[in-house]
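A, B, ... follow the sequence lines: proteins, then strands. Residue 1 opens every chain.
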Amino acid sequence: MSVRVRYAPSPTGLQHIGGVRTALFNYLFARSSGGSFILRIEDTDQQRFSEEALKDLYETLDWFGIRCDEGPDVGGACGPYIQSHRFDIYQEYARKLLDSGHAYRCWCTAERLTAVREKQEQEKSSYKGYDRHCRDLTAAQQEEMKRENPNPVVRLKIPLDGSTSFSDMLMGEITRKNSDINPDPVLMKSDGYPTYHLANVVDDHLMEITHILRAQEWIPSGPLHVLLYRAFGWDPPVYCHLPMVMGKDGQKLSKRHGSTAVREFREQGYLSEAMINYISLLGWSFDDKREFFTLQELEELFSLDKINKAPGVFDYKKLEWFNGQYIRMKDARQLKEMLIPYLVHDQVVDNPPSPQQLEILDQAMPLIQERLHLLNDVSEMTRFLFCDIPAPPADQLIPKKHDASSTAEILSSSLKLLEPLDDDSVDRLEQEFREFCTREGIKLGAVLMPLRVAVTGSTISPPLFESMKLLGKEKTLSRIEAAIDQLRQKEQECDE
RNA sequence: GUCUCCUUCGUCUAGUGGUUAGGACACCGGGUUUUCAUCCCGGCAACAGGGGUUCGACUCCCCUAGGAGAUGCCA
């Protein structure tokens, strides 16, 4: 029987790392085993449903290149793939459970439920959850309850004794006493929508899902789901509970720890390849030497038995390192195209960029490609090439062991050396400066640093002579002159 | 509280009875270099603890400790 797996997100928020990891593993397992990957939208929570979240889901999968074989957008034999479109199906199956005596209606109000819970809390009772008030009501009692609350929920009758177990590919056998399972979980809400438990079991069965790969936070409801399968007379699929993704403090990864939404990473300039690569290594590994993988390679090499049991901490630093690696691997032309939106967004270049700006960017590529960690970094790194910058304050210009006066001298001399800037080679220019330093007995750094600050506005910049060349002689010289003015002013202030 | 699961360097991990316990990120040195970055070299650093089993345990079993997750008309 061929493998059929699914990713079944709930469109209540932006796609986050944890969800995407689950999606990826399911997808990779399907591909590596020649099976099918199915997308199912679990929108049974009408309160929390968000149109934007749904859109974000498609965009995210698309960005990663994770394509589904069956799903809302591509169709398939087991549709519809949106749970809200399967409303009637759940009604039907809930009815079956009711008829077979595996489930019952419950008219308890939210108020009563909270009262029950509060009481349990006060008494520090070890018994938690629903008190099964409606489980064995007489017909007369039912009538009475109906008057109080006309919209009942449907609850599953969990056996009072015995235990239920299931086998997990990673964990092995997991057993839970039935008395420890959430007493009679709601299957059908009062608004007629199913809860996750019902919808998930019904759909996975109807869609002929063979393996369920989901996060370990679902382990506790495993036995409950198995009970449901049995109530229907079905065989449960194979389970594989994936290790959770944690933050640095060991707690479930959340906004507290940093970005969690894929969209945020994307906006910051993370590459899809880098994220795929990093995420694939979250709880999975290939061997002890290889850690670079393309999606295509993963589709081939991925295997369930290399998944780790223990939860993993999401390491932002390593992701960033991967991103830098992938940026450096990128074709320069391609990378350039990817950078433009960031430059436009930060108003470093026009929208669309002018031919001159594109030309400059083109030539700047070799200078910035090995310096970028995130695409986002490009604006700060290249702003001085495209925009006017304020003359740096004198203090920033003066290198160690120099003062305003000597720095101004240095810059003035540099001005002359830079006369042939436009038509001279970078190497030759550098040679000139080296000779100048030897002649004057100044350190090369003491000359280049004030120049760098004058021209780029920062002590950190791409290589100086290349930068000057890109900037053009005119702007370069005028920035140096502006810097000299700053220094002269400072000199005067000191004299006074 | 109760239940379930987990436990190799700070982090991600390799390892399936005999290894100087390997790699990567981070960190710290050093080199290349006009700054930054890249790149190269080197260093630091781990089998949670205690019992067994065994000629021999990181590897198998038990206990303890620690961590996490679940305990909803959310998924």
Chemist: Can you give one letter per nucleotide of nucleotides 68-75 of chain B, 5' to 3': B if a protein heavy atom sits under 4.0 Å from the base, S if only from the sugar-phosphate, - if neither?
Modeler: SSS-SBBB

Chemist: Does any pair with a residue in residues 437-467 of chain A pass ring pair (Phe, Tyr, Trp, His ring centres under 6.0 Å), and if so which ones, sequence neighbours excluded?
Modeler: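 Output for this query lists A/Phe433-A/Phe465.
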
Chemist: Using the P atom as the reference point in each nucleotide, state the distance between B/rU64 and B/rG1 in Å, no decimals.
Modeler: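 The answer is 15 Å between these two P atoms.
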
Chemist: Could you tell me whether A/Phe25 and A/Tyr27 have their ring centroids closer than 6.0 angstrom?
Modeler: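 Ring centroids of A/Phe25 and A/Tyr27 are no less than 6.0 Å from each other.
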
Chemist: Would you please name every residue forming a ring pair (Phe, Tyr, Trp, His ring centres under 6.0 Å) with A/His197, sequence neighbours left out?
Modeler: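 A/His197: ring pair (Phe, Tyr, Trp, His ring centres under 6.0 Å) contacts with A/His225.
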
Chemist: Taking the basic N atoms (NZ, or NE/NH1/NH2) and the acidic carboxylate oxygens, is any pair closer than 4.0 Å for A/Lys157 and A/Asp184?
Modeler: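 No, A/Lys157 and A/Asp184 are not salt-bridged.
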
Chemist: Is there a Watson-Crick or G-U wobble partner for B/rC27 with both distances under 3.5 Å, and if so, which one is it?
Modeler: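 Pair assignment: B/rC27 / B/rG43.
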
Chemist: Think A/Arg40 forms a cation-pi with A/Tyr7, using NZ or CZ under 6.0 Å from the six-ring centre and within 45 degrees of its axis?
Modeler: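 No; the conditions do not both hold, so A/Arg40 does not lie above the ring face of A/Tyr7.
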
Chemist: Please determine if A/Glu121 and A/Lys119 form a salt bridge, counting it only when a charged side-chain N lies under 4.0 Å from a carboxylate O.
Modeler: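 Looking at A/Lys119 together with A/Glu121, the answer is no, because their closest N to O distance does not fall below 4.0 Å.
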
Chemist: For A/Asp377, what residues pass the side-chain hydrogen bond (donor to acceptor under 3.5 Å, both in side chains) criterion, not counting sequence neighbours?
Modeler: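 side-chain hydrogen bond (donor to acceptor under 3.5 Å, both in side chains) list for A/Asp377, sorted by chain: empty.
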
Chemist: In whole Å, what separates the P atom of B/rC60 from that of B/rG18?
Modeler: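 It works out to 12 Å between them.
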
Chemist: Counting only non-hydrogen atoms, which of residues 14-24 of chain A are less than 4.0 Å from RNA chain B?
Modeler: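 The stretch gives none, as no residue of it lies under 4.0 Å from the strand.
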
Chemist: Say you pick atom C1' in B/rC73 and the same atom in B/rA14; how far apart are they, in whole Å?
Modeler: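 Per the computed distance, 47 Å lies between those C1' atoms.
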
Chemist: In whole Å, measure the gap between the P atoms of B/rC63 and B/rC25 for me.
Modeler: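 So the two P atoms sit 40 Å from each other.
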
Chemist: Kindly write out the residues that satisfy side-chain hydrogen bond (donor to acceptor under 3.5 Å, both in side chains) with A/Glu432, not counting sequence neighbours, or none if the list is empty.
Modeler: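 Counting only residues at least two positions away or on another chain, A/Glu432 forms a side-chain hydrogen bond (donor to acceptor under 3.5 Å, both in side chains) with A/Arg428.
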
Chemist: Taking side-chain contact (heavy atoms from CB on, under 4.5 Å) as the definition, give me every residue that meets it alongside A/Glu370, ordered by chain and number, with sequence neighbours left out.
Modeler: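 Checked A/Glu370 against side-chain contact (heavy atoms from CB on, under 4.5 Å); matches are A/Arg328.
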
Chemist: For the C1' atoms, the ones on B/rG15 and on B/rG52, what distance do you get once it is rounded to whole angstrom?
Modeler: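 Looking at atom C1' only, B/rG15 and B/rG52 are 23 Å apart.
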
Chemist: Nucleotide by nucleotide, 5' to 3', does protein get under 4.0 Å of the base (B), only the sugar-phosphate (S), or neither (-) in nucleotides 28-36 of chain B, counting heavy atoms?
Modeler: ------BBB

Chemist: Can you list every ring pair (Phe, Tyr, Trp, His ring centres under 6.0 Å) pair that touches residues 104-127 of chain A, not counting sequence neighbours?
Modeler: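 For residues 104-127 of chain A, and leaving out neighbouring residues, there are no ring pair (Phe, Tyr, Trp, His ring centres under 6.0 Å) pairs at all.
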
Chemist: Hey, does the Lys NZ or Arg CZ of A/Arg132 hover above the aromatic six-ring of A/Tyr130, less than 6.0 Å from the centre and inside 45° of the axis?
Modeler: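 No - A/Arg132 does not lie over the ring of A/Tyr130 by the 6.0 Å and 45° rule.
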
Chemist: Only counting residues at least two apart or in another chain, list the ones meeting side-chain hydrogen bond (donor to acceptor under 3.5 Å, both in side chains) with A/Glu320.
Modeler: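 Expected list: none.
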
Chemist: Determine the interatomic distance between C1' on B/rG69 and the same-named atom on B/rG29; round to the nearest Å.
Modeler: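 To the nearest whole Å, 42 Å.
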
Chemist: Scan residues 312-327 of chain A against RNA chain B and write down, sorted by residue number, each residue with any heavy atom closer than 4.0 Å; if none is found, say none.
Modeler: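 The answer is A/Gly312, A/Val313, A/Asp315, A/Lys317, A/Lys318, A/Trp321, A/Gln325.
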
Chemist: Please list, one pair per line, the donor and acceptor atoms closer than 3.5 Å that link side chains of residues 215-224 of chain A to other protein atoms, with sequence neighbours excluded.
Modeler:
{"unit_1": "A/Gln216", "atom_1": "NE2", "unit_2": "A/Lys309", "atom_2": "O", "d": "2.9"}
{"unit_1": "A/Glu217", "atom_1": "OE1", "unit_2": "A/Lys252", "atom_2": "NZ", "d": "2.9"}
{"unit_1": "A/Ser221", "atom_1": "OG", "unit_2": "A/Trp218", "atom_2": "O", "d": "3.2"}

Chemist: With rounding to whole Å, what would you report as the distance between B/rA46 and B/rU11 at their P atoms?
Modeler: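 12 Å, rounded to whole Å.
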
